[in-house]
Each structure stands twice: as C-alpha cells, then as structure tokens.
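This chain uses plain numbering: 1 for the first residue, then up along the sequence.
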Amino acid sequence: MTGTGDENTTYGSDEHTEKKSVPEKRKGPVLLRRDQVGTGTTDQRLLDTTGPTDWLHTDPWRVWRITSEFVEGFGALAELPAAISVFGSARTPVDSPEYAAGVAIGRALAEAGYAVITGGGPGAMEAANRGASEAGGLSVGLGIELPFEQGLNEFVDLGLNFRYFFVRKTMFVKYAQGFVVLPGGLGTLDELFEALTLVQTKKVTRFPVVLFGSAYWGGLVDWLRDTLIAQGKANPRDLELFHVTDEIDDVLKILEESRRPAEEV
C-alpha cells in the first residue's frame, strides 16, 4: 500500500493506548463510571416495542431530548471549516498498516486545510484523528452511546457524544464535504450506504465518497456490479457514486475536484 506512511513505524506503543481499568460510559453529556454503568441505551429505549406501556405515553417528551441533541450538534459544529468525515473499524490494530494509513490520511487532510471528523472511537477512527491532530488540524469526534463503551479517543480536539444514531448521522453528512471510508465493519457499511443513497437520490449533491483500500473493497464492488446491477436492482451509473483507491494523493485530488464549480470539472 502506498501513501500510508512508514509501515515500519509502530503506533500506539506508549501510554495512551492502555485500556481503562475503570468501567466508563457516557449518556449524552453525562459520564458514568463503575456501578453506575448500565447495559441499555437511549436508542434502544426509543425503538424497543416491548416492555411497560407507560413508555408509550412519554414518547412525545423524548422529542425535546432529540431536539436538544440537534441543537447542541448544530451549535458546536456550525463554524467548522471545510471538513471530511473518515470512517473505519474500531477494531483496527494500532500496529497495522490500516492504522498507519488512517494516520497518513488524517495528516494529509489536515495539511490540505480540512477538518477531520470521525466517530471518535479507537482503531481507524483514532488513527485519522491522530494524523489530523499531529498535523495541527482540527480533529473532531462524534461519539455515540453504546452498551459497550468506547469513549472518545485522546486525539479528538472537539468532541460530542450523542444518544441517537440518526442525530449523529446527520452531523456526519451536514458538516462534511465528503467521506473517506477505510476498511470497516457493519457501522462503516451503514454510513457508506447511507451516504451513497443520499447522493443517488440527490438529497446531497457533489458529495464524493472514497473507499480506501482496493483489496478490502474489491469484493464489495464486484458484488454490486455482478449481482446488484446485473439483476437490475441498481443502475450501472451507481458505480460512479464512489471511487476506490490506494493512493492518498488520489483521495485529495478527488476531494478537491468535487469543490470546483461545475463548469470547471
């Protein structure tokens, strides 16, 4: 893989990678530790159709909490400079080439004048935040309340914790000029296909989506072409909604071209 920095460099061998010894969880702005940490989430309570019926009568009040998350997010992020959301697996090992690629991408984006937005967690998210922070750029983390707490990584300069996935997703798209997607799991795929759907349906325009790592994403692209499109479930032009590359220079070029006026492209 080219353009990913020194692959012989081992990241995360210092004290900042040590796991927390105390259980910790965030519920929106609230920090819980030790025996205060529960297993449920706010999203779960909103969407769960089982349990006591008294929850049905409190749903209208939840609207205020949802509204407050939008207001807090809009207020905190409204003055961001041009930004790129970077996604990838929380399970990416610190000493892996994929982590090194994330650091290099975060650094390159910051040096190009972009703020870097991630989910704020470990793995590939930490890598991109780390690269941006070490390059002197603005490193943003948008965390989420989960049964298994991840917490915001230490390289986040501006961080928000959300209760609701759908509010957090809005922030990823609203305040970014494009997505860079590193190898990841279900959460990464969720963000990827939501972005592609928004572009396909023209809910957002001129929004580049870059998949970094052809070896990882190649099988998915083959399936989209040979199964999804071949069976008429999507248009062949939908393959033009994203780009696949192994080169950081290509990432920057694709992002820059999307910012030019339409007549110049």
Asks: Side chains of Asp246 and Ser214: is there a donor and an acceptor less than 3.5 Å apart?
Replies: yes
Asks: Which heavy atom in Ala112 sits nearest to a heavy atom in Leu252, and how many Å separate them?
Replies: CB-CD2, 4.1 Å
Asks: Under a 4.5 Å cut-off applied to non-hydrogen side-chain atoms, are Phe212 and Thr245 in contact?
Replies: yes
Asks: Quick check for you: to the nearest 0.5 Å, what is the distance between Met171 atom CE and Leu142 atom CG?
Replies: 8.5 Å
Asks: Of all the heavy-atom pairs spanning Leu224 and Leu228, show the shortest one and how long it is.
Replies: O-CB, 3.3 Å
Asks: Can you tell if the side chain of Asn153 reaches within under 4.5 Å of the side chain of Pro122, non-hydrogen atoms only?
Replies: no
Asks: Please tabulate, for the side chains in residues 76-92, all donor-acceptor contacts under 3.5 angstrom to protein atoms that are two or more places apart in sequence or on a different chain.
Replies:
residue: Ser85; atom: OG; partner: Phe172; partner atom: O; Å: 3.0
residue: Ser89; atom: OG; partner: Arg91; partner atom: N; Å: 2.9
residue: Thr92; atom: OG1; partner: Ser89; partner atom: O; Å: 3.2

Asks: Given Leu152, which of Asn161, Leu160, Leu158, Thr118 fulfils the side chain to side chain contact (heavy atoms under 4.5 Å, CB included) condition?
Replies: Asn161
Asks: Heavy atoms only: give me the nearest Asp157-Gly137 pair and the separation to one decimal.
Replies: OD2-O, 3.4 Å
Asks: Quick check: does any side chain N or O of Asn129 sit under 3.5 Å from a backbone N or O of Gly141, one acting as donor and the other as acceptor?
Replies: no
Asks: Indicate yes or no: at least one non-hydrogen side-chain atom of Glu256 is less than 4.5 angstrom from one of Arg259.
Replies: yes
Asks: For a side chain to side chain contact (heavy atoms under 4.5 Å, CB included) check, start with the C-alpha distance between Val244 and Val210, then their side-chain angles and the critical distance, and finish with the verdict.
Replies: CA-CA 6 Å; Val244 182; Val210 184; over 6 Å; no
Asks: Using the rule given for side chain to side chain donor-acceptor pair (under 3.5 Å), can you reason through Tyr99 versus Glu126, listing the C-alpha separation, both sets of side-chain angles and the distance that settles it, and then say yes or no?
Replies: CA-CA 8 Å; Tyr99 187 97; Glu126 176 187 290; 2.5 Å; yes
Asks: Distance from Thr227 atom OG1 to Lys233 atom NZ, nearest 0.5 Å?
Replies: 9.5 Å
Asks: Please walk me through it: do Ile144 and Phe165 pass side chain to side chain contact (heavy atoms under 4.5 Å, CB included)?
Replies: CA-CA 7 Å; Ile144 185 68; Phe165 264 116; 3.9 Å; yes
Asks: Which one of Phe179, Phe242, Trp217 satisfies the side chain to side chain contact (heavy atoms under 4.5 Å, CB included) criterion with Leu192?
Replies: Trp217
Asks: What pair of heavy atoms forms the shortest contact from Ser96 to Pro93, and how long is it?
Replies: OG-O, 2.7 Å
Asks: Any side-chain to backbone donor/acceptor pair from Ser139 onto Phe155? Under 3.5 Å, distance only.
Replies: yes
Asks: For Glu247, is there any backbone N or O sitting under 3.5 Å from a side-chain donor or acceptor partner on Asp250?
Replies: no
Asks: Just by modelled atom types, is the Leu255 backbone N or O under 3.5 Å from a matching donor or acceptor in the Ser258 side chain?
Replies: yes
Asks: For Asp190, which residues count as a salt bridge (Lys or Arg N to Asp or Glu O under 4.0 Å) partner, sequence neighbours excluded?
Replies: Lys169
Asks: Taking 4.0 angstrom as the limit, do Glu69 and Arg65 come out as a salt bridge?
Replies: no
Asks: State, with a plain yes or no, whether a side-chain heavy atom of Leu239 is found less than 4.5 Å away from one of Ile229.
Replies: yes
Asks: Under the side chain to side chain contact (heavy atoms under 4.5 Å, CB included) rule, what do Thr188 and Val181 come out as? Steps first, then yes or no, please.
Replies: CA-CA 7 Å; Thr188 301; Val181 190; 3.3 Å; yes
Asks: Considering non-hydrogen atoms only, spot the tightest contact between Gly106 and Val116 and give its length.
Replies: O-CG2, 3.9 Å
Asks: Pairs in or reaching into residues 81-90: which pass salt bridge (Lys or Arg N to Asp or Glu O under 4.0 Å), with residues at least two apart or in two chains?
Replies: none
Asks: Could you walk me through whether Tyr164 and Phe162 pass the ring-ring contact (aromatic ring centres under 6.0 Å, His included) test, one step at a time?
Replies: CA-CA 6 Å; Tyr164 300 104; Phe162 294 91; 9.6 Å; no
Asks: Report the residues that fulfil side-chain contact (heavy atoms from CB on, under 4.5 Å) with Ala230, sequence neighbours left out, ordered by chain and then residue number.
Replies: none
Asks: Is a side-chain donor or acceptor of Arg163 paired with a backbone partner of Glu145 at a separation under 3.5 angstrom?
Replies: no
Asks: In chain order, what residues pass the salt bridge (Lys or Arg N to Asp or Glu O under 4.0 Å) check against Asp222, with sequence neighbours excluded?
Replies: Arg225
Asks: Keeping to residues at least two apart or across chains, list the side chain to side chain donor-acceptor pair (under 3.5 Å) pairs with something in residues 174-187.
Replies: none
Asks: Kindly give the heavy-atom pair with the smallest separation between Gln200 and Leu241, and that separation in Å.
Replies: CB-CD1, 3.7 Å
Asks: So how far is it from Lys253 NZ to Glu257 CD, rounded to the nearest 0.5 Å?
Replies: 5.5 Å
